[in-house]
Each structure stands twice: as C-alpha cells, then as structure tokens.
Peer 1: 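The structure follows.
Naming convention: chains lettered A, B, ... in sequence-line order (proteins, then strands); numbering from 1 in each chain. Just the heavy atoms: all of them, side chains too, but no hydrogens, waters or symmetry mates, feed the values below.
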2 protein chains.
Amino acid sequence: MLSITEENYLKSIYKIAESDGIPVSTNSVAARMQTTAASVTDMIKRLSDKELLEYEKYHGVQLTEQGSRVATQLIRKHRLWEVFLTDQLGFRWDEVHDIAEELEHIQSPQLIERLDRFLGHPRFDPHGDPIPDANGHWEHRQQVLLSELLPGQAGIVTGVNDHSPAFLQYLQQLGLTLGARISLQETVAYDQSLQVVIEYGAPQNLSDKVARNLYVHPSAE
Amino acid sequence: MLSITEENYLKSIYKIAESDGIPVSTNSVAARMQTTAASVTDMIKRLSDKELLEYEKYHGVQLTEQGSRVATQLIRKHRLWEVFLTDQLGFRWDEVHDIAEELEHIQSPQLIERLDRFLGHPRFDPHGDPIPDANGHWEHRQQVLLSELLPGQAGIVTGVNDHSPAFLQYLQQLGLTLGARISLQETVAYDQSLQVVIEYGAPQNLSDKVARNLYVHPSAE
DNA sequence: ATATTTTTTTTGACTTGCCTAAAAATTTAT
DNA sequence: ATAAATTTTTAGGCAAGTCAAAAAAAATAT
C-alpha cells in the first residue's frame, strides 16, 4: 500500500514526463510538489526501492511500468470523480479539482468501477481531459490550440491547457465552455491577440494568453 | 486542519462515550483503535493542546464542544457516503463500511451539503443508524432490541447493533433487512433463542445473539 | 580549460505517529 | 489497611516525511 504522499509524487512525475519528456529532474518534481529538492531525493530513493521508478543519481528518474500504472489509475480516479462532482452534484468546472485531488486517493477498485458505470463510462472529464480506462489507455482527441488556428477557420472548444479556476471562470463568462463554437476572424500582429466570434455573438478580442491555453477541434467555417 | 489519525481518535472517543459514558479511559480508546495505551496517551495530549478534549491525568478524557462537533460531522459524512454507496452505486449494506471509513475524511463541507441534497436529505443510513444534520443533531427512533419483545408481539426491523459483515450477510439471507416485519411466537427458556415468523414465512428459530443485535420498532401483531 | 553557476545529494534535525519496557498511580481484593 | 492487580504514564526509540545548510557533481560560460 502506497501512502498518499507517494501517490502524489508518482502522479507528478508522470505529468512532468508527459510534458517535458524523460528523464524527470529532481528540481522539476520539487517545483511541482511545492517542496525542496532534498525531500524529493529522499522520496525518489524510497520509490526506487519499491521499483516504482528507475533512478540514476544526478540524472533524474523514469517511472517503471508499475509506477506508470499507479499514476494513470490516479488520473482515472481523479477525472471520474470530477465528472461525478459536476454532472451529479452540480459543481462548476472551476470548483472540482481540489476535491477530486482528495477523492483520487480512496483505495477501493470496486468503488471506481461502480462509479464509472454509474456515470455511464464517460471518456472525458469536465475540462475535456481524457479518462483512462481500467487498463490505463485513453483515446486522444484531435485538437489544436486556438492560437494555432488560421484566420477564417473555426473550432469547437474541446479542452484547456491552463486548469486554474481564474481561467476557467473567465472562459465560462465568455461562453467558451466545452462544445462551444468559436471562429477566428483575424489576428492582431501588434500583440498576437485574436478577433473572434463566439457562438455567433458579437465579435470580440481574446489575448494570446487565452489562445495558447484553449484547445479546439477545427471545424468548417 | 486535523490529520486523519486525529479525526479517527475523536470519532472513537465520541463513540465510546456514547456507549460507556464519560470519562473515556485510555485503555478503551487503545482497544477500539487497535493500538497501545502509550500511543493513546501521546495523542490525547496533542488533542488536549488543540482543545478538542479535556484531559486529567489518570482520569480519562472528555470531548469539548469543538471535539464533539468534529466527531458528529465525521459520523454525518460516513453515513451519507454509505447511503450513496448503497442507493446510487448498488453496494450491499455489508460492503459499505470500509469505503465510507475512507470517504469520511474528505474535507470539503460544500461537498457534503451537495451530497446530502443529491441523496434527498436521508435521515438514516443503510444500517438504520440516524444521520446527524449539519448542526450535529439527529432524530432518535423508537426502537427496542428484538430480545426485548414479548411473545405475541411483532416489530419492523429498524437497525442493527452489530455492524459486522458476517452478521449483516446473515440477516440479508434471513430476509431481515430494514423494514422487514418479524413477529415473535415464543422464547425458548433453555437457550433464550426465539421462535419467530419473518414476513409471514415459515416459523424459524433465531439465537439470542441475533436477538440482542437487531433493533425493531414494535408494531401491532 | 578553467571558473562560475546550477543542480543534486548529503547531513543533521524536526514533527507525527507508532512501539516496547519500565515506572507510577489507581483500583480491587483480602 | 495493605497487598495485588490493573491502568496509565514516562522514557527511549523507530519510520515517514519534512526542512535548511553544506558538500558534491554537472552544466554553462568565458
């Protein structure tokens, strides 16, 4: 049985590897876990003893098959709970992360399989992130960042890159929730901001920061 | 913020006080928590420093108002999750205790209020135990042990005194689930066993052990 | 190629929660 | 009222997880 702390380290390492590649550095883990490099070195040794990751001194870590499985199951649990919180309990998409962060550590595998069935085997969470199946596999959706669209193109909102409540609340306010249609009129060279139309509303301007944190599925104009 | 361990101590102390009265002895806590008296003394000091209980050396402990509130809220959370697990996810009444034991430590008060609403503000859990409201109050049902019924009387099953899976499974098999009607024909002097009829079935015999662990609401014969 | 900066590890120490063994206090029995 | 038994506390120690400070290794700059 792994402690909650050990589970959190594995999940962080998994996510860092996903975005930055392997090997995963001590410092990057420390930054993500909001702790010190010394603590990370300590934990890495323990997880290596348990064969959840491979560790070469001074050269970072890499999850083993087993460590990877733990991480993806945590992600599965996290995302299923997020679906429960929004779809069944009526939470907003910007409220569910912290609660799911706790719920993902509940141990019963039976609970998760029943929850999955109860929710109708959802394949994406409230932020559009894919939910791994019981074997850790998930489907990858065809999506691009809004900032990658060309003027004249349109897309359907499929996910976010920044999961912060502030960003999610702003998107909600703009009507840019999952499934919303957005079409790009033109880009402003001066600041890379975009002139867009959301769901056939009035044209408006979105910053490049927003554009670089929103995923869309390109669709016909 | 309290640790899961601290919360579990408070809940244990609350339950011991409920059944044995106050003050609660170090040894009784050690027995319930499956740990040693030395560990209990240790923890008691910490909880006393946090003003969750009053502690007089060698003379046991008593929860403060604040400690009591923590304990009843834990019980509230535990029982609400049990309702969720049986009513929504389809678990049997003998399967839910251990999972709820983990879920009760999830911290969000908002989550519990929404869960309560989602479940329709249930007042009793799957074992017939009352669910405290947000203020820690609950309604007490008029019930007696089956062993206290007199021959000729009947009752409706309202709860159990022994929550072990073995007992719950046996009751299920007998058809003695919540709401079932049972009527007492006669008591056997030799071993205090009972001759009963469950839901108008064939007469059968129940041990005094069963009778002392099953609550019924007396009803007309 | 050497010096400087950055990253990582080691060291020593702290807290929480647990244990065993021994000592102290209380309760029970005579 | 004293002895015996029980309960509780103290003392000392261990493992997990944390930190700051110092040392070591690696990466970068000149």
Side-chain angles (χ1 to χ4, degrees), chain A residues 1-14 16-17 19-63 67 70-71 74 101-102 104-105 107, chain B residues 1-14 16-17 19-63 67 70-71 74 101-102 104-105 107:
Chain A
M1 260 268 329
L2 299 177
S3 71
I4 288 174
T5 309
E6 287 171 322
E7 289 193 339
N8 284 335
Y9 269 97
L10 291 173
K11 204 175 72 154
S12 285
I13 292 165
Y14 183 90
I16 295 166
S19 77
D20 303 1
I22 51 173
V24 170
S25 75
T26 303
N27 254 5
S28 65
V29 177
R32 186 175 244 270
M33 297 283 296
Q34 310 222 67
T35 184
T36 61
S39 301
V40 174
T41 301
D42 233 49
M43 178 58 86
I44 275 174
K45 284 180 188 162
R46 272 196 295 276
L47 293 173
S48 175
D49 290 347
K50 294 189 179 181
E51 301 193 350
L52 293 161
L53 49 78
E54 270 154 41
Y55 164 51
E56 201 192 336
K57 258 190 190 178
Y58 290 101
H59 295 281
V61 299
Q62 172 170 8
L63 293 183
V70 172
L74 281 168
E101 205 68 15
E102 290 187 62
E104 73 188 11
H105 298 291
Q107 289 298 345
Chain B
M1 261 269 328
L2 300 176
S3 71
I4 288 173
T5 310
E6 287 172 321
E7 289 193 340
N8 283 335
Y9 269 95
L10 291 173
K11 203 175 72 155
S12 285
I13 292 165
Y14 183 92
I16 294 166
S19 77
D20 303 1
I22 53 173
V24 171
S25 74
T26 302
N27 253 5
S28 64
V29 178
R32 187 175 244 270
M33 297 284 295
Q34 310 222 72
T35 183
T36 63
S39 301
V40 175
T41 301
D42 233 47
M43 178 58 87
I44 275 173
K45 286 179 187 163
R46 273 196 293 276
L47 293 173
S48 175
D49 289 346
K50 294 189 180 183
E51 301 194 350
L52 294 162
L53 49 78
E54 270 154 42
Y55 164 50
E56 202 191 337
K57 257 189 190 177
Y58 289 102
H59 295 281
V61 298
Q62 173 172 7
L63 293 184
V70 172
L74 280 168
E101 205 68 14
E102 290 187 64
E104 73 189 11
H105 298 290
Q107 288 298 344

Peer 1: Side chain of A:S28, backbone of A:V24: donor and acceptor closer than 3.5 Å?
Peer 2: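 Between the backbone of A:V24 and the side chain of A:S28 there is no qualifying donor-acceptor contact (under 3.5 Å).
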Peer 1: Under 4.0 Å, heavy atoms only, any strand: does B:T26 hit a base, just the sugar-phosphate, or nothing?
Peer 2: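 Sugar-phosphate, backbone atoms only, no base.
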Peer 1: Is there a side-chain polar atom (N or O) of B:Y9 under 4.0 Å from OP1 or OP2 of C:dC18?
Peer 2: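 Yes, such a contact exists.
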Peer 1: B:E54 side chain to B:S48 main-chain N or O, any donor-acceptor pair under 3.5 Å?
Peer 2: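 The answer is no, because no donor-acceptor pair under 3.5 Å joins these two groups.
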Peer 1: Output the rounded distance in Å from CE (A:M43) to C1' (C:dT9).
Peer 2: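 Rounded to whole Å, this separation is 16 Å.
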Peer 1: Mapping A:A38 and B:Y55 onto DNA chain D by nearest heavy atom, which one lands closer to the 5' end?
Peer 2: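 Result of the comparison: B:Y55.
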Peer 1: Are the side chain of A:S12 and the backbone of A:N8 linked by a donor-acceptor contact shorter than 3.5 Å?
Peer 2: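 Such a contact is found between A:S12 side chain and A:N8 backbone.
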Peer 1: Calculate the interatomic distance between B:D49 atom CG and C:dT16 atom C1'; express it in whole Å.
Peer 2: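 Roughly 13 Å, once rounded to whole Å.
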Peer 1: Looking at B:K45, does any N or O in its side chain come under 4.0 Å of the phosphate oxygens OP1/OP2 on D:dT10?
Peer 2: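 Yes.
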Peer 1: For B:K50 and C:dT16, what is the distance between atoms NZ and P respectively, to the nearest whole Å?
Peer 2: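 Taking atom P of C:dT16 as the reference, NZ of B:K50 is at 7 Å.
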Peer 1: A:T5 near the nucleic acid: base, sugar-phosphate alone, or nothing, with a heavy-atom cut-off under 4.0 Å?
Peer 2: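 Sugar-phosphate contact only - A:T5 comes under 4.0 Å of backbone atoms but never of a base.
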Peer 1: Atom CG of B:L2 and atom P of C:dG17: how far apart are they, to the nearest Å?
Peer 2: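 The answer, rounded to whole Å, is 10 Å.
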Peer 1: Compare all side-chain heavy atoms of B:K50 with those of B:E6 and state whether any distance is below 4.5 angstrom.
Peer 2: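 The answer is yes, as the side chains (C-beta and beyond) meet within the 4.5 Å cut-off.
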Peer 1: Rounded to whole Å, how long is the line connecting atom CE of A:M33 with atom P of D:dC19?
Peer 2: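 Whole-Å distance recorded here is 10 Å.
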Peer 1: Is A:K57 close enough to C:dT10 that one of its side-chain N or O atoms is under 4.0 Å from OP1 or OP2 there?
Peer 2: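 Yes, within the criterion.
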Peer 1: Does the side chain of A:Y58 get closer than 4.0 angstrom to OP1 or OP2 of C:dT6 through an N or O atom?
Peer 2: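 No, because none of the side-chain N or O atoms of A:Y58 sits under 4.0 Å from OP1 or OP2 of C:dT6.
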Peer 1: Does the B:T41 side chain pair with the main chain of B:A37, one donor and one acceptor, at a distance under 3.5 Å?
Peer 2: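 Present.
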Peer 1: Please determine, for the side chain of A:H59, which listed nucleotide (C:dC19, D:dA26, C:dT8) has the closest atom?
Peer 2: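 The answer is D:dA26, which lies nearest to the side chain.
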Peer 1: Look at A:S3 and D:dA16 and indicate whether a side-chain polar atom (N or O) is within less than 4.0 Å of OP1 or OP2.
Peer 2: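 Indeed not, no polar side-chain atom of A:S3 lies that close.
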Peer 1: Examine D:dT18: is either OP1 or OP2 under 4.0 Å from a nitrogen or oxygen in the side chain of A:S39? Give yes or no.
Peer 2: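 No, because none of the side-chain N or O atoms of A:S39 sits under 4.0 Å from OP1 or OP2 of D:dT18.
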Peer 1: What is the distance from CD1 of B:I16 to P of D:dT7, rounded to the nearest Å?
Peer 2: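 From B:I16 CD1 to D:dT7 P: 14 Å.
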Peer 1: How long is the line joining CD1 of A:I4 and C1' of D:dT18, in whole Å?
Peer 2: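 It is 16 Å, rounded to the nearest whole Å.
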Peer 1: Please report the distance, rounded to the nearest Å, between CD in A:E56 and P in D:dA25.
Peer 2: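 Going from A:E56 (CD) to D:dA25 (P), I get 14 Å.
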Peer 1: D:dG17, OP1 or OP2 - any side-chain N/O from A:R46 closer than 4.0 Å?
Peer 2: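 Answer yes for this pair, as a side-chain N or O of A:R46 is under 4.0 Å from OP1 or OP2.
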Peer 1: Side-chain contact, heavy-atom cut-off 4.5 Å: B:L10 with B:L2?
Peer 2: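 B:L10 reaches B:L2 side chain to side chain.
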Peer 1: Hey, does the side chain of B:T36 come within less than 4.0 Å of C:dC19's phosphate (OP1/OP2), counting only N and O?
Peer 2: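 Yes, such a contact exists.
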Peer 1: Does B:N27 put a side-chain nitrogen or oxygen below 4.0 Å from OP1 or OP2 of D:dT8?
Peer 2: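 Checking B:N27 against D:dT8: at least one side-chain N or O falls below 4.0 Å of OP1 or OP2.
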